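I have placed the structure first, in the form of structure tokens, so that the comments after it can refer back to it.
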Amino acid sequence: QSPDRISRGSPACPCTDASAALSPFVEGGCTAPTGIGLPQTPRNGGDGLPVCVPAATHVGYGSRACAAHDASESFCRNGEGPGYCAAEWCYVDAEACAASNELVYASDRFPGAGLFYSYTTCNSTTDESWDIYSEYTTTKSLDGVVLKATLPKSLYPDNYKLDSEGNVASSDGAEYYDRTIRFQGLNIEYFNKIMKYVNVSDVIYNPRSGGSSHRSPNFYTRSVYDVQVGLSDLAAADFWITSERLQMTPYTTPLYTENVVLFVARSEQKNSFRTHVLTTLAPFDPVLWVTLVSSIALVGVLSVWFSNDRGLHHYWYDKIHGNKWRRASFRRKVLLLGFLVLDATIAMFLFFFGAAVEVDLRQSLSTKILMCGFGFLVLIAIAAYTANLVGFLTKPRLGIKYSSMPIAIQNNAKICSSVALQNEVMSQWPSANFVFKSTMPEMLLAFDRGECDAISYGYPAVRRSYMAEFCSRDLVDSGALVLSVPIAYPVSRRIVAAMSYAIRKGLDDGIKILDMEKTYLPAPVCSVDLDVSTLEDSELQPLSVSTMSFPLFVLFICTIVATVVKLWRGYGKPPEARKQMAHRMRRMASGLERMNSSRHIFKKPLSFSSDKGNKQQYGNKNKLMGGDNLCDSFESALESCKSLSIQEDLATIINEKVIPDQEDVATITNEEVIKAMENMSRILNILRDDIKGKTK
């Protein structure tokens, strides 16, 4: 070895001057002579006290050069000290040594000094038995130690005591605090098995302190408080790891994870006639049903308004147009409109139930647009209803009200829960209606009084300790998961690593507390398990308005567009255009008059009335081309309609306001103009088809 390496350390990790950091620990100037609360270390006698360096060795102790700096210590002078008494070392800069291959350790001999040291930088070997870091120090901290463990309550089979009659003692009774009566149970058996991994000398099991009741109403949180203040080294029971308890003391590695579930009263399977009837309505929620019925009724009303005399809906149009409608009283008009709206609404319901809409190309443009939106709504609604109905009809349903937490929240269910989990459950389900109680007996009492609709608790704990109470109330696991909470032991900071190692090692070797509890479980009184195969699927939910928002939106847009088209087509043409249209119709009527007077077409003048003295008004019930007295054709009129004679020609019809005078055309509507033109067209078609070439 080079002298420089031996005296100054490795060039990549040189010795440093620690005199400034050690100055508060010089003999006579020690700032913390008692050192209460400081961690114990193997190098200072295990008393946790700070070391005061003798003034004579201060300048060179661990600083600037490699040396056997501990050789002058009192525990090294007799030649019987630890192996490191003769080993060379020095203080180093941990950051400067990070890139080197030297082993660097944090010094705990001088608390707060922030010193680091290394033996390998001074060429000292790491294979010596005195190197405390060459072995696992975790398990060494409990060698030969007697542990004190707090048991939160007397509860079978977790931890319990028996009274003079052989019954499980009360958690507040004299037997619980009687130290002459030994605890027994599942946790004690498990704890004794895993302690072999850390060489613990003995474990003393104590009840919780009476003063801890001021800390919390919960028995388990009180036991955590005893660990926090140093009355015990750990609490041996199945403790939930909660944020509140973690602020008090550390926890070991988890033993297992417990599912906190919702327990509800079991009900008989619902097979009544009323249930099956309501099942057919279950695919849609009530609000959606009301929305669909309202939409169908609206489409029916608009169909009456948008109807014309050519399409499938001409019946509605005919009822609200013509002289009969104009001459009707207000009351009769209201009754007629109500009848038409009801009739149209029933027709739309028939379309909806038939999963289709009837469309006629002769219908108005507004009707076609409206039917597009309505047809899309029918398509989506029927498909969604059918798909959801299959699930409701084929899935057997039990009387479990709250098969999931969202359903319980939706129904504003009151849920009893442990106060120890208050922060956790409120964080997970902030809108739920929780009622917090300190113990399980308090929760059961609240359930009996009707203060709670369900109980939230750990399933393994119920199975171990509260089966009889739950069976007597017919409470079962609803399948609703409230929370998953890890179970562990609260321990003091000094032994947390060793205890976690013991638990982990036990799990690796197959020592599991859930397997051991099977030998403690009593004979089942009943089953709190719910047969999930007969449970209504929590995902099987009625469809709401939000799920049908898009087809409803499409219907709304189509309704708006159809209304705009109707208003534009009905009232958008100027009066001048109507005058021109009426003028063209009058010219057509004049031509028909001349044709009607031709003697080589008709041997007899025609009359549109079977009674010669009874004139028929165009627009009356017996229309020109649709009345009951009209012959099938003009030829049949010549042969068989002997009583017909023309009493009035088409000019008379015009005079009877069938076709308004020039000065009145500004007041007629588009519908009346179109109606008159269509009747003229019908007359021309019949003349063309019936004269069979007799004349042009």
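Just so it is clear, the structure is predicted and the values come from calculations on it, not from any experiment.
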Quiz item: What are the two closest heavy atoms between S418 and N218, and how far apart are they?
Solution: OG-ND2, 3.9 Å
Quiz item: What distance do Y160 atom OH and L186 atom CG have between them, rounded to the nearest 0.5 Å?
Solution: 10.0 Å
Quiz prompt | NZ or CZ of R464 within 45° of Y520 ring axis and under 6.0 Å | solution = no
Self-check item: Polar side chain donor-acceptor pair, D238 to Y489, under 3.5 angstrom
Solution: no
Quiz item: How about F470 and L444: do any of their side-chain heavy atoms sit closer than 4.5 Å?
Solution: yes
Practice problem: Test ring-ring contact (aromatic ring centres under 6.0 Å, His included) on Y457 and W240 and set out the steps. | Solution: CA-CA 11 Å; Y457 209 72; W240 289 321; 5.7 Å; yes
Quiz item: Less than 4.5 Å apart, any side-chain heavy atom of F191 and any of V200?
Solution: no
Self-check item: Nearest heavy atoms of I181 and L162, plus distance in Å
Solution: CG2-O, 3.9 Å
Quiz item: C97-C13 sulfur separation below 2.5 Å?
Solution: yes
Quiz item: Under 6.0 Å from the CG atom of N101, do we count more than 12 heavy atoms belonging to anything else shown?
Solution: no
Quiz item: Got K437 and V435 here, is their nearest side-chain heavy-atom distance under 4.5 Å?
Solution: yes
Quiz item: Salt bridge or not for R222 and D226, using N-O below 4.0 Å?
Solution: no
Quiz item: Are a donor atom and an acceptor atom from the side chains of T150 and S232 found within less than 3.5 Å of each other?
Solution: yes
Quiz item: When the ring planes of Y91 and W89 are compared, do they come out parallel, tilted or perpendicular, using 30° and 60° as the limits?
Solution: perpendicular
Practice problem: For residues S154 and V168, determine if any side-chain heavy atom of one lies less than 4.5 Å from a side-chain heavy atom of the other. | Solution: yes
Quiz prompt | Any donor-acceptor N or O pair under 3.5 Å, side chains D178, T180 | solution = yes
Quiz prompt | Sole residue of Y176, Y225, Y220 in side-chain hydrogen bond (donor to acceptor under 3.5 Å, both in side chains) with R208 | solution = Y176
Self-check item: Aromatic F183 / basic K161 pairing, under 6.0 angstrom, 45° off normal
Solution: yes
Quiz prompt | K414 to G450 - nearest heavy-atom pair and separation | solution = NZ-O, 3.3 Å
Self-check item: Donor-acceptor pair between E424 and S243 side chains, under 3.5 angstrom
Solution: yes
Quiz item: Between the side chains of T249 and R493, is a donor N or O closer than 3.5 angstrom to an acceptor N or O?
Solution: no
Quiz prompt | Short N-O contact, K153 and D158, less than 4.0 angstrom | solution = no
Quiz item: Is the gap between the SG atoms of C122 and C66 under 2.5 Å?
Solution: yes
Quiz item: Could you go step by step and tell me if R245 and T221 meet the side chain to side chain donor-acceptor pair (under 3.5 Å) rule?
Solution: CA-CA 7 Å; R245 294 171 179 175; T221 305; 3.2 Å; yes
Self-check item: For T252, the option from L234, V491, I241 that meets side-chain contact (heavy atoms from CB on, under 4.5 Å)
Solution: V491
Exercise. Would you check if V227 and M248 make a side-chain contact, meaning some heavy-atom pair closer than 4.5 Å?
Key: no
Quiz item: Are P152 and F239 close enough that some pair of their side-chain heavy atoms sits under 4.5 Å apart?
Solution: yes
Exercise. Report yes or no: do Y205 and N159 form a side-chain donor-acceptor pair below 3.5 Å?
Key: no
Quiz prompt | Check: F263 and V476 side chains under 4.5 Å, non-hydrogen atoms | solution = no
Quiz item: If you measure only the distance, is there a donor-acceptor pair under 3.5 Å linking the side chains of S118 and E102?
Solution: no
Exercise. Kindly compute the distance separating OG1 (T242) from CG (L483), expressed to the nearest 0.5 Å.
Key: 11.0 Å
Self-check item: Salt-bridge contact K512-E517 (side-chain N to carboxylate O under 4.0 Å)
Solution: no
Exercise. Work out which heavy atom in I495 is nearest to a heavy atom in D233; give both atom names and the distance.
Key: CD1-O, 3.7 Å
Quiz item: Is any side-chain heavy atom of I415 closer than 4.5 Å to a side-chain heavy atom of M405?
Solution: yes
Quiz item: Using 30° and 60° as the class limits, which term best fits the ring planes of Y117 and Y105: parallel, tilted or perpendicular?
Solution: tilted
Self-check item: From Q428 atom CD to M426 atom CE, the distance as rounded to the nearest 0.5 Å
Solution: 11.5 Å
